[in-house]
Amino acid sequence: GGTGLLVAYGKEQNIISGGNIEANGAGGVAVRFDFGHNLLGDATEYRGSWIWTADGRQQSIAHGNLDHSGLPLNLDGALVSTFDVSGSLSGSAAAIYISENALVERINILSGASITGDIISDWDPQNPDIQYTGSRDDLHTALTFGLAPQADGSAGVSPDAAFTMTLNGGVYGPDSIDMTLSAGRLSVTGPLSVYSLANSGYLALGGMTPDGTAADVATTFVNGPDATLETAVMADGSVAGIEAETATLAGNWTLRPLRDFYAGNAVITPQAPVEADTINGGFSSVSLVAGQSPTLDFSLRDPDPSRPQLY
């Protein structure tokens with residue numbers, strides 16, 4: 001159990017993690033961003049990113065202000081500006097946990113990274129205790145996979161086409177996580193629940209939410225023109241796909257037949273992999289993951305990406 005790395009106070013810190021961090025006992029969290037709570041009760045005094053209350057009232061966190069003990073507050077900013085990962089993170093409860101009072105601006109998962117456990121954020125930019133006066137859109141966490149690393153282990157700005165990894169877990173951050181695959185290949189074994197999702201690489205969804213989707217996206221999903229979205233399909237044609245408010249689609253859709261009972265000579269018409277109130281564009285092609293079964297051969301009967309048929 002326990003915590004491998006704890007960041008619990010301050011602002012605008014930059015962290016590079018290239019080694020191994022493990023917390024695999026019961027309740028273990030590999031990396032925790034969390035100001036914690038007051039032992040005397042949060043109503044007495046409570047602190048966090050852009051947050052300071054005392055006796056139930058907001059206190060000014062203006063730059064340069066001191067607390068009641070005369071010490072610098074250092075709360076007028078994100079707890080962490082960047083967290084760049086090229087090493088191993090493993091936690092039984094979470095690989096990365098962001099508490100409701102900690103803002104982490106950017107998490108970059110780079111080539112060489114290995115992650116076992118969920119990435120969880122309870123941070124909500126709409127929290128009324130937050131004193132930030134700009135747009136609340138500034139208070140999201142950018143979770144990005146597949147940027148090219150620099151010599152010091154930090155993330156650069158260019159996509160890394162050689163990036164490949166499996167996230168052995170899911171992502172939960174429906175209020176604040178903007179998740180992006182910039183390039184390369186990412187397989188996710190757990191469900192996704194994020195604020196937005198953008199794919200510019202090969203994204204294989206392997207988890208499932210309680211309502212049968214692989215990903216719940218609060219706002220917008222974008223599949224780029226050179227991107228591939230891989231989803232599971234069952235014998236009845238149901239697809240563990242994405243639910244979003246709006247979607248912009250291009251690129252390729254790849255079908256991965258799951259272990260199921262498939263009747264001989266049956267024709268399967270998969271459901272659409274993306275459901276949204278508004279959908280712009282569409283997939284330009286559809287393909288099939290080969291070699292999923294040692295006894296069955298699957299083929300595309302109709303390669304129309306708007307309504308493919310599988311047999």
Side-chain angles (χ1 to χ4, degrees), residues 115-120 143 145 164-174 177 179-181 185-224 227-263 266-277 279 281-283 285-293 296 298-311:
I115 299 181
T116 300
D118 294 332
I119 298 173
I120 300 172
L143 172 63
F145 297 80
T164 180
M165 74 163 286
T166 296
L167 171 59
N168 293 297
V171 179
Y172 179 85
I177 289 184
M179 178 173 168
T180 299
L181 174 59
R185 184 179 183 116
L186 174 65
S187 298
V188 183
T189 66
L192 303 179
S193 179
V194 294
Y195 188 78
S196 69
L197 178 62
N199 176 30
S200 294
Y202 189 113
L203 176 61
L205 301 178
M208 189 174 295
T209 66
D211 60 5
T213 64
D216 289 332
V217 180
T219 57
T220 302
F221 168 63
V222 177
N223 203 74
T228 294
L229 176 68
E230 179 187 307
T231 62
V233 59
M234 277 67 81
D236 62 359
S238 58
V239 170
I242 295 173
E243 286 189 0
E245 185 177 59
T246 63
T248 299
L249 304 180
N252 182 59
W253 171 28
T254 293
L255 294 159
R256 184 182 69 254
L258 287 186
R259 181 178 296 178
D260 204 344
F261 177 77
Y262 294 88
V267 176
I268 303 167
T269 302
Q271 298 172 348
V274 179
E275 295 184 6
D277 295 335
I279 296 179
F283 294 102
S285 60
V286 63
S287 58
L288 185 64
V289 176
Q292 290 296 106
S293 169
L296 300 176
F298 293 95
S299 300
L300 282 172
R301 179 174 179 175
D302 184 351
D304 179 358
S306 65
R307 192 171 176 81
Q309 289 187 327
L310 176 68
Y311 72 101

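Keep in mind it's a predicted model, so treat the numbers as computed, not measured.
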query: Would you say Tyr172 has more than 12 foreign heavy atoms packed within less than 6.0 Å of its OH?
result: no
- prompt: More than 12 foreign heavy atoms under 6.0 Å from CD of Glu275: is that the case here?
  reply: no
[atom1] of [X] to [atom2] of [Y]: how many Å apart, nearest 0.5 Å?
X      : Y      : atom1 : atom2 : answer
Ile242 : Thr209 : CD1   : OG1   : 11.5 Å
Leu186 : Met179 : CG    : CE    : 5.0 Å
Ser200 : Phe145 : OG    : CZ    : 14.0 Å
Asp118 : Leu167 : CG    : CG    : 8.0 Å

Side chains of [X] and [Y]: closer than 4.5 Å at any heavy-atom pair?
X      : Y      : answer
Ser285 : Pro305 : no
Met208 : Pro191 : no
Tyr195 : Ile177 : no
Leu192 : Thr213 : no
Val222 : Leu249 : no

Contact summary for [X] and [Y], nearest pair of heavy atoms:
X      : Y      : answer
Gly241 : Thr231 : CA-CG2, 4.3 Å
Pro270 : Val239 : CB-CG2, 3.9 Å
Thr219 : Ser196 : OG1-CB, 3.6 Å
Gly201 : Asn199 : N-OD1, 2.9 Å
Leu205 : Ala215 : CD1-CB, 4.5 Å
Ala240 : Gly207 : CB-O, 4.4 Å

Check against side chain to side chain contact (heavy atoms under 4.5 Å, CB included), Val171 and Leu143: CA-CA 10 Å; Val171 179; Leu143 172 63; 3.9 Å; yes
task: Applying side chain to side chain contact (heavy atoms under 4.5 Å, CB included), run through Val274 and Leu229 and close with a yes or a no.
output: CA-CA 10 Å; Val274 179; Leu229 176 68; 4.2 Å; yes
message: Between Ile115 and Met165, does the side chain to side chain contact (heavy atoms under 4.5 Å, CB included) criterion hold? Intermediate values first, please.
response: CA-CA 9 Å; Ile115 299 181; Met165 74 163 286; 4.2 Å; yes
message: Under a 3.5 Å distance rule, please check whether Asn223 uses its side chain to pair with a backbone N or O of Ala250 as donor and acceptor.
response: yes
- request: Could you tell me which residues satisfy salt bridge (Lys or Arg N to Asp or Glu O under 4.0 Å) with Glu230, sequence neighbours excluded, listed by chain and number?
  value: Arg185, Arg256
- request: Check the pair Thr246 / Thr220 against side chain to side chain donor-acceptor pair (under 3.5 Å), numbers first and verdict last.
  value: CA-CA 5 Å; Thr246 63; Thr220 302; 3.0 Å; yes
Exercise: do Asn168 and Thr189 side chains pair donor with acceptor under 3.5 Å: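 The criterion, which ignores hydrogens and geometry beyond distance, is not satisfied for Thr189 and Asn168.
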message: Hydrogens and angles aside, do Thr254 and Ser287 bring a side-chain donor and acceptor to less than 3.5 Å of each other?
response: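 Yes.
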